[in-house]
Asks: 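Shown below is the structure under consideration.
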Amino acid sequence: MPSLWSGVDGCLASGLSGTATGGWHLHDLRHFRLTHAGEDGATEADLMNLSGYEDRRTLQRYLKPSKEGTHRRLDDLDNRRGTRTASADDLATRMART
């Protein structure tokens, strides 16, 4: 199975630079791809296969999901289950009632 970098090596060999890629650098692309794959529901095993990493700590260095991405993913899971995870405000209201 090809890794995340299958086509990138060829692009770099062709002389693409940060300017030619709109300011994106290889390191940025690694963060972007792994983060968005994680936010879209890829498992840790999927992300490790995608990145080629064997160590979870290395994966975590590049995986930086946003709060919005996490909420989007949880909302998607809730929709599939037909339930909704309570928000922090909902939980605070419930706790205040007890």
Side-chain angles (χ1 to χ4, degrees):
M1 170 183 248
S3 74
L4 173 63
W5 307 112
S6 298
V8 174
D9 289 335
C11 290
L12 292 176
S14 300
L16 287 180
S17 65
T19 303
T21 59
W24 286 82
H25 298 279
L26 188 59
H27 192 75
D28 300 324
L29 295 173
R30 179 178 291 253
H31 280 279
F32 180 83
R33 180 64 177 118
L34 292 174
T35 295
H36 287 281
E39 288 178 348
D40 290 342
T43 65
E44 183 177 88
D46 293 334
L47 296 172
M48 291 184 77
N49 284 331
L50 179 66
S51 66
Y53 296 134
E54 296 179 5
D55 186 333
R56 289 178 174 168
R57 290 173 295 196
T58 305
L59 176 65
Q60 291 302 316
R61 186 177 309 148
Y62 292 99
L63 183 62
K64 303 292 182 200
S66 65
K67 285 186 179 185
E68 294 80 14
T70 300
H71 287 289
R72 203 171 40 250
R73 176 71 182 135
L74 291 175
D75 288 345
D76 182 49
L77 290 172
D78 288 343
N79 289 335
R80 289 184 199 174
R81 283 195 336 240
T83 61
R84 185 177 74 81
T85 303
S87 69
D89 291 335
D90 292 339
L91 293 174
T93 301
R94 288 183 198 171
M95 291 174 66
R97 284 190 234 156
T98 58

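Fair warning: this is a prediction, and the values are worked out from it, not measured in the lab. We number each residue from 1, following the sequence as shown.
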Asks: Could you grab the distance from atom CD of Glu54 to atom CG of Asn49, nearest 0.5 Å is fine?
Replies: 10.5 Å

Asks: Ignoring hydrogens, what is the shortest heavy-atom contact between Leu63 and Gly38? Give both atom names and the distance.
Replies: CD1-CA, 4.4 Å

Asks: Determine the minimum heavy-atom distance between Leu47 and Leu34, stating which atoms define it.
Replies: CD2-O, 3.7 Å

Asks: Within the 3.5 Å criterion, strictly below it, is a donor on Thr43 or Asp46 matched to an acceptor on the partner's side chain?
Replies: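 Note: Thr43 and Asp46 side chains meet the donor-acceptor criterion.
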
Asks: Between OG1 of Thr70 and CZ of Arg73, what distance do you get to the nearest 0.5 Å?
Replies: 10.5 Å

Asks: Which atom pair, heavy atoms only, marks the closest approach of His31 to Arg61?
Replies: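 What the structure gives for the nearest pair is CE1-O, 3.5 Å.
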
Asks: Is the shortest distance from a Lys or Arg side-chain nitrogen in Arg72 or Asp75 to a carboxylate oxygen in the other one below 4.0 Å?
Replies: no

Asks: What I want to find out is whether Arg80 reaches Asp76 closely enough, with some N-O distance under 4.0 Å, to be called a salt bridge.
Replies: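 The answer is yes: the pair qualifies as a salt bridge.
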
Asks: Any side-chain heavy-atom pair from Glu39 and His36 closer than 4.5 angstrom?
Replies: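 With C-beta onward as the side chain, the pair touches.
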
Asks: Are there more than 12 heavy atoms of other residues, nucleotides or ligands under 6.0 Å from atom CZ of Arg57?
Replies: no

Asks: What is the minimum heavy-atom distance between Leu59 and Met48, and which atoms define it?
Replies: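 The pair with the smallest heavy-atom distance is CD2-CG, 3.6 Å.
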
